[in-house]
Amino acid sequence: MSTIVTARIDVSTPSGRRVVRELENKKSVKLEYPFPEGISGESCISENDFWQGVENRFNERYGTNYKLK
């Protein structure tokens, strides 16, 4: 017998958003948000890659060598 339950909650309604807010505070609940339509996980960049790009553009624009760490 499985000990995990998967539920699909429609967050476009006020009651659906209320249910999600209530579940967010529970230790035994792990929420997984899907990517919006047209966006896949493969087309997204990581947070580290994003900040590396910001750092590179900043240093190129201002002729500096700052590290954002």
Side-chain angles (χ1 to χ4, degrees):
M1 182 172 144
S2 178
T3 59
I4 296 175
V5 175
T6 303
R8 295 176 59 104
I9 302 169
D10 183 5
V11 294
S12 66
T13 63
S15 60
R17 290 189 293 272
R18 185 180 67 244
V19 169
V20 170
R21 279 194 308 272
E22 291 173 3
L23 290 173
E24 284 177 333
N25 299 325
K26 307 293 181 188
K27 289 182 180 179
S28 60
V29 174
K30 179 183 176 190
L31 297 176
E32 295 178 2
Y33 296 95
F35 286 105
E37 290 182 25
I39 298 177
S40 68
E42 298 153 0
S43 65
C44 297
I45 63 171
S46 70
E47 183 179 1
N48 289 337
D49 290 341
F50 170 81
W51 286 110
Q52 183 65 44
V54 170
E55 180 181 286
N56 291 342
R57 289 183 71 183
F58 180 83
N59 287 328
E60 288 172 8
R61 182 174 196 151
Y62 296 106
T64 60
N65 193 24
Y66 288 115
K67 301 293 180 196
L68 301 176
K69 293 184 181 184

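Keep in mind it's a predicted model, so treat the numbers as computed, not measured.
Separation of atoms OG1 (Thr13) and CZ (Arg18) is listed at 8.5 Å; rounding is to 0.5 Å. With rounding to the nearest 0.5 angstrom, the CG atom of Leu68 is 11.5 Å from the CG atom of Asn48. The OG atom of Ser28 sits 9.0 Å away from the CG atom of Leu23 when rounded to the nearest 0.5 Å. How far CG of Asp10 is from CZ of Arg17: 9.0 Å, rounded to the nearest 0.5 Å.
For Glu24, the CD atom counts as densely surrounded, since its 6.0 Å shell holds more than 12 non-hydrogen atoms of other residues, nucleotides or ligands.
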Working note: Glu55 + Trp51, criterion side-chain contact (heavy atoms from CB on, under 4.5 Å); need CA distance, chi angles, decisive distance, verdict.
CA-CA 6 Å; Glu55 180 181 286; Trp51 286 110; over 6 Å; no

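Both Tyr33 and Val19 belong to a single network of hydrophobic side chains, linked directly or stepwise wherever heavy atoms of I, L, V, M, F, W or Y lie under 4.5 Å apart. Both Val29 and Val11 are members of a single hydrophobic cluster when ILVMFWY side chains are connected at heavy-atom separations under 4.5 Å.
Lys30 pairs with exactly one of Glu32, Lys27, Lys26 by the side chain to side chain contact (heavy atoms under 4.5 Å, CB included) rule, that one being Glu32.
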